[in-house]
Amino acid sequence: MFQTRITEMFGIRYPIICGGMFWVGRAELVAAVANAGGLGFMVGATFGADLDALRAEIRKARDLTDGPIGLNINLFPAVRRQPIEEWVQIAVEEKIPVVETSGRSPEGIVQALHEGGVKIMHKVAGARYARTAERLGCDAVCIVGYECGGSPGVDMVTSLVLVPVCVDAVNIPVVAGGGFADGRGLAAALALGADAVLMGTRFMATQECYGHPAWKEHLIKATELDTAYVMRSMGNATRAARNPLTDKVLEMEARGTTIEELLPLITAHANAAVEEGRLDDTLASMGQAVGLVHDIPTVKELFDRTVEQAMQVRERLDGIIPRSAPD
Ligand SMILES: Cc1cc2nc3c(=O)[nH]c(=O)nc-3n(C[C@H](O)[C@H](O)[C@H](O)COP(=O)(O)O)c2cc1C
């Protein structure tokens, strides 16, 4: 029904992907996405150097689904050394079919992953990085726009422009991310030339996603105006829930600050939103698509309605866009 280069390459029923989400994207979510016919990624960095915990989480997901389980390998600059080689080894040994890389060029790990039979989808926030990913031999690229939760890059170009620019720039399959949350978004991503849609914020607001009820309640109440784009001056921009902390960070950036000054602030209460539902003093990744989130469905319900809505869009367009030019 939905046949694209991505559904074929990743062996999934629907061109719907759940991006890796640090701390919140655990076995239950990734397995639920696989059971619903998509592909989701758990994040190596969530478990840091505790490699046994990562393996255990992968196996837990395997117990919950026969579908594909993806692993995100964050290559973002980090304060502590990240066990990248070990995550690659785990991906290979655990027969992970697809790794999502992000944050920096995956050059150093492409060969090892491919030799181990793992496909690579590299996530980028600009077409020039997509070209690099293609040159390095990545199997697919995911492009995320300025509105996305997590790391939107520094260019401040929205998905509406970035997706078709990227589709024109590379020949490998393109996955569209950033600002997508429903069937209209799925249809739009495919209309822009993408081979699948990737969502993060929308999946965070599901039953199976890890997170405090008060945090999920915030996702329902927040509008598209309730995010903040911070840390651009550090070259490591993040889109997160707007709160007194993000106001302060933006103020500090406007007057000129240093990473040394910012780090203690932004790391002091990491994960407080997700763990405790505490919103005021934490940097909690969240995209503008939160304005399209009005409930906390199961992943299966989310897939069903997304697919249904995409088909309605198609029907609507059938009545608007002629199939052939008028005489
Ligand atoms: C809470 C949260 C945590 C995230 N953590 C990561 C991560 O660790 N690695 C990564 O590559 N992307 C991460 N992302 C980005 C998502 O994978 C995805 O690219 C993004 O959410 C898509 O945009 P959307 O939020 O508009 O759907 C995160 C996003 C959120 C909301």
Side-chain angles (χ1 to χ4, degrees), residues 16-26 29-30 33 38-48 54 70-78 82 84 87 98-104 106 120-125 129 133 140-153 158-160 162-163 174-182 184-186 188-189 194 196-206 209-212 215-216 218-219 222 224 226-229 236-241 270-275 279 282-293 302 306:
I16 303 176
I17 297 179
C18 171
M21 289 187 283
F22 178 74
W23 209 253
V24 300
R26 310 276 177 121
L29 177 64
V30 173
V33 170
L39 171 68
F41 295 90
M42 51 183 79
V43 178
T46 300
F47 306 93
L54 173 58
L71 177 67
N72 172 288
I73 297 187
N74 266 338
L75 301 166
F76 287 93
Q82 299 291 297
I84 310 279
W87 291 337
V98 190
V99 153
E100 176 192 51
T101 50
S102 57
R104 212 185 320 147
I120 305 165
M121 178 184 79
H122 186 51
K123 192 158 63 189
V124 298
Y129 310 116
V141 72
C142 171
I143 184 95
V144 288
Y146 179 53
E147 55 274 75
C148 81
S151 302
T158 65
S159 299
L160 192 60
L162 217 40
V163 173
V174 173
V175 175
F180 299 100
D182 57 24
R184 293 169 296 186
L186 169 58
V197 74
L198 178 143
M199 306 189 286
T201 300
R202 178 61 265 196
F203 277 113
M204 189 158 51
T206 58
C209 189
Y210 182 79
H212 195 280
W215 170 236
K216 292 194 181 175
H218 181 71
L219 297 174
E224 65 281 12
D226 292 324
T227 75
Y229 176 69
N236 194 11
T238 297
R239 185 173 295 284
N271 307 321
V274 173
E275 289 296 333
L279 296 168
T282 183
L283 202 60
S285 287
M286 180 178 102
Q288 291 177 341
V290 77
L292 294 163
V293 168
L302 181 62
T306 301

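Whatever order the structure lists them in is the order used to number ligands and atoms, beginning at 1. Note that the coordinates shown come from a computational prediction; the quantities given were computed from them, not determined experimentally.
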Give yes if a backbone or side-chain nitrogen or oxygen of [X] is under 3.5 Å from a nitrogen or oxygen of ligand 1, and no if not.
| X | value |
| --- | --- |
| Phe76 | no |
| Met199 | no |
| Ser285 | no |
| Asn72 | yes |
| Val43 | no |
| Ser151 | no |

Notebook entry, point to check: atom 26 (O) of ligand 1: which protein heavy atom is closest, and how many Å away?
Noted result: Gly179 N, 2.8 Å
Item checked: Protein contact of atom 27 (O) of ligand 1 - nearest heavy atom, named by residue and atom, plus distance -> Gly200 N, 2.8 Å
Have a look at [options] and point out the one with the heavy atom closest to [atom].
| atom | options | answer |
| --- | --- | --- |
| atom 15 (C) of ligand 1 | Gly19, Gly149, Ser102, Gly25 | Gly149 |
| atom 18 (C) of ligand 1 | Leu292, Leu198, Val24, Ile17 | Leu198 |
| atom 29 (C) of ligand 1 | Met286, Arg239, Met21 | Met21 |

Answer side chain, backbone, both or neither: which part of [X] comes under 4.0 Å from ligand 1, heavy atoms only.
| X | result |
| --- | --- |
| Cys148 | both |
| Gln288 | neither |
| Thr201 | both |
| Lys123 | side chain |

Of all the heavy-atom pairs spanning [X] and [Y], show the shortest one and how long it is.
| X | Y | value |
| --- | --- | --- |
| Ser159 | Gly178 | OG-O, 2.7 Å |
| Pro106 | Thr101 | CB-OG1, 3.8 Å |
| Phe180 | Arg202 | O-CB, 4.4 Å |
| Gly150 | Ser285 | CA-OG, 3.7 Å |

Please round to the nearest 0.5 Å and tell me the distance separating atom [atom1] of [X] and atom [atom2] of [Y].
| X | Y | atom1 | atom2 | answer |
| --- | --- | --- | --- | --- |
| Glu100 | Ile17 | CD | CD1 | 8.5 Å |
| Thr201 | Leu219 | OG1 | CG | 8.0 Å |
| Leu186 | Met199 | CG | CE | 7.5 Å |
| Lys216 | His218 | NZ | NE2 | 14.5 Å |
| Leu160 | Tyr146 | CG | OH | 15.5 Å |
| Leu302 | Cys209 | CG | SG | 11.5 Å |

Within the 4.0 Å heavy-atom shell around [X], which atoms of ligand 1 are there?
| X | answer |
| --- | --- |
| Phe22 | 3 (C), 4 (C), 5 (N), 6 (C), 7 (C), 8 (O) |
| Asn74 | 7 (C), 8 (O), 9 (N), 10 (C), 11 (O) |
| Gly178 | 22 (C), 23 (O), 26 (O) |
| Met204 | 1 (C), 31 (C) |
| Gly20 | 4 (C), 5 (N), 6 (C), 7 (C), 9 (N), 10 (C), 12 (N), 13 (C), 14 (N), 15 (C), 16 (C), 17 (O), 28 (C) |

Donor on one side chain, acceptor on other, [X] and [Y], under 3.5 Å:
| X | Y | value |
| --- | --- | --- |
| Ser102 | Asn74 | yes |
| Trp87 | Gln82 | no |
| Glu147 | Tyr229 | no |

Checklist line | Criterion side-chain contact (heavy atoms from CB on, under 4.5 Å) on Leu54 and Leu71, from CA distance to verdict | finding: CA-CA 10 Å; Leu54 173 58; Leu71 177 67; 3.9 Å; yes
Does ligand 1 have an atom under 4.0 Å from some heavy atom of [X]?
| X | answer |
| --- | --- |
| Arg202 | no |
| Gly177 | no |
| Ala45 | no |

